[in-house]
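Chain letters run A, B, ... following the sequence lines, proteins first and then strands; every chain starts at 1.
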Amino acid sequence: MQNPGEESTSLKGIQDVAAELGVTHRTLRFYEDQGLIQPRRVGQTRIYSRREVGRMQLILRGKRLGFSIRDIREFLDLYDTEPGHEGQTAHLLARVRERLEDLAQQRRALDETIAELRQIEQEAATHLARG
DNA sequence: CTTCTTACA
DNA sequence: TGTAAGGA
């Protein structure tokens, strides 16, 4: 509410943050339940600072890249625990490689499916052409 | 099972 | 806001 100009205000309500990030307030609450974010409370109202919004952006990015909520929570926990440390980066690297391999496997599966469909396509087209 | 969304109390 | 229910 009360947020006309809005860009200089780094303290936002759930609806503002949700709109800004393109998610619903329920999604923000879901992530909160999952322990990914911990917005401050002023009474019962959640207040999202730039830190929370920043974390949300990281969460959304992790999601885009195909990481699970558990993975993302681990990343964030490590970042909180040992910011900029080797262990953190090593862990990230390991997960990224896992993800890359996962995607490579999916690509192989896709290629197989496509090849199979093309085969059928060829046979069907040939069959039609011959009458 | 995971990740949300919708809806109702 | 908790939660059931449902979709993907």
dT3(B) phosphate, OP1 or OP2, under 4.0 Å from Tyr31(A) side-chain N/O: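 No, outside the criterion.
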- request: Look at Arg29(A) and dG2(C) and indicate whether a side-chain polar atom (N or O) is within less than 4.0 Å of OP1 or OP2.
  value: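 Indeed, a polar side-chain atom of Arg29(A) lies that close.
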- request: Would you mind pulling out the nucleotide paired to dC1(B), Watson-Crick or G-U wobble, both distances under 3.5 Å?
  value: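 When the pairing criteria are applied, nothing turns out to pair with dC1(B), so the answer is none.
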Report the distance from atom [atom1] of [X] to atom [atom2] of [N], rounded to the nearest whole Å.
X: Met56(A); N: dT3(B); atom1: CE; atom2: C1'; answer: 13 Å
X: Leu28(A); N: dG2(C); atom1: CG; atom2: P; answer: 15 Å
X: Leu36(A); N: dT2(B); atom1: CG; atom2: P; answer: 14 Å
X: Asp33(A); N: dT3(B); atom1: CG; atom2: C1'; answer: 13 Å
X: Arg26(A); N: dT6(B); atom1: CZ; atom2: C1'; answer: 9 Å
X: Lys63(A); N: dT2(B); atom1: NZ; atom2: P; answer: 16 Å
X: Leu21(A); N: dC4(B); atom1: CG; atom2: P; answer: 13 Å
X: His25(A); N: dT3(C); atom1: NE2; atom2: C1'; answer: 13 Å

field: Sole candidate of Arg41(A), Arg26(A), Arg40(A), Arg55(A) that passes salt bridge (charged side-chain N to carboxylate O under 4.0 Å, His left out) when paired with Glu32(A)
entry: Arg41(A)
- request: Using only heavy-atom distances, decide whether a donor-acceptor pair under 3.5 angstrom links the side-chain of Arg46(A) to the base of dT1(C).
  value: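 When only heavy-atom distances are counted, Arg46(A) does not reach the base of dT1(C) through any donor-acceptor pair under 3.5 Å.
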query: Step by step, would you call Thr126(A) with Glu123(A) a side-chain contact (heavy atoms from CB on, under 4.5 Å)?
result: CA-CA 5 Å; Thr126(A) 300; Glu123(A) 291 169 1; 5.7 Å; no
task: Hey, could you give me each pair passing ring pair (Phe, Tyr, Trp, His ring centres under 6.0 Å) that has a residue in residues 107-131 of chain A? Not counting sequence neighbours.
output: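 Matches after skipping sequence neighbours: none remain.
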message: Using a 4.0 Å heavy-atom cut-off, does Gln34(A) contact any base of the nucleic acid, only the sugar-phosphate backbone, or nothing at all?
response: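 Nothing, no nucleic acid heavy atom in range.
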message: If I take atom CZ from residue Phe67(A) and atom CG from residue Leu58(A), how far apart are they, to the nearest 0.5 angstrom?
response: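 Separation between the atoms: 12.5 Å.
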field: Distance (rounded to the nearest 0.5 Å) between Leu76(A) CG and Ile59(A) CD1
entry: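 The CG atom of Leu76(A) sits 5.5 Å away from the CD1 atom of Ile59(A).
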field: His25(A) vs Arg46(A), side-chain contact (heavy atoms from CB on, under 4.5 Å): CA-CA, chis, key distance, verdict
entry: CA-CA 11 Å; His25(A) 69 290; Arg46(A) 292 172 173 77; over 6 Å; no
Atom pairs, protein N/O to nucleotides 5-8 of chain C N/O, distance under 3.5 Å:
none

field: For Arg108(A), side chain to side chain contact (heavy atoms under 4.5 Å, CB included) partners two or more places apart
entry: Ala104(A), Gln105(A)
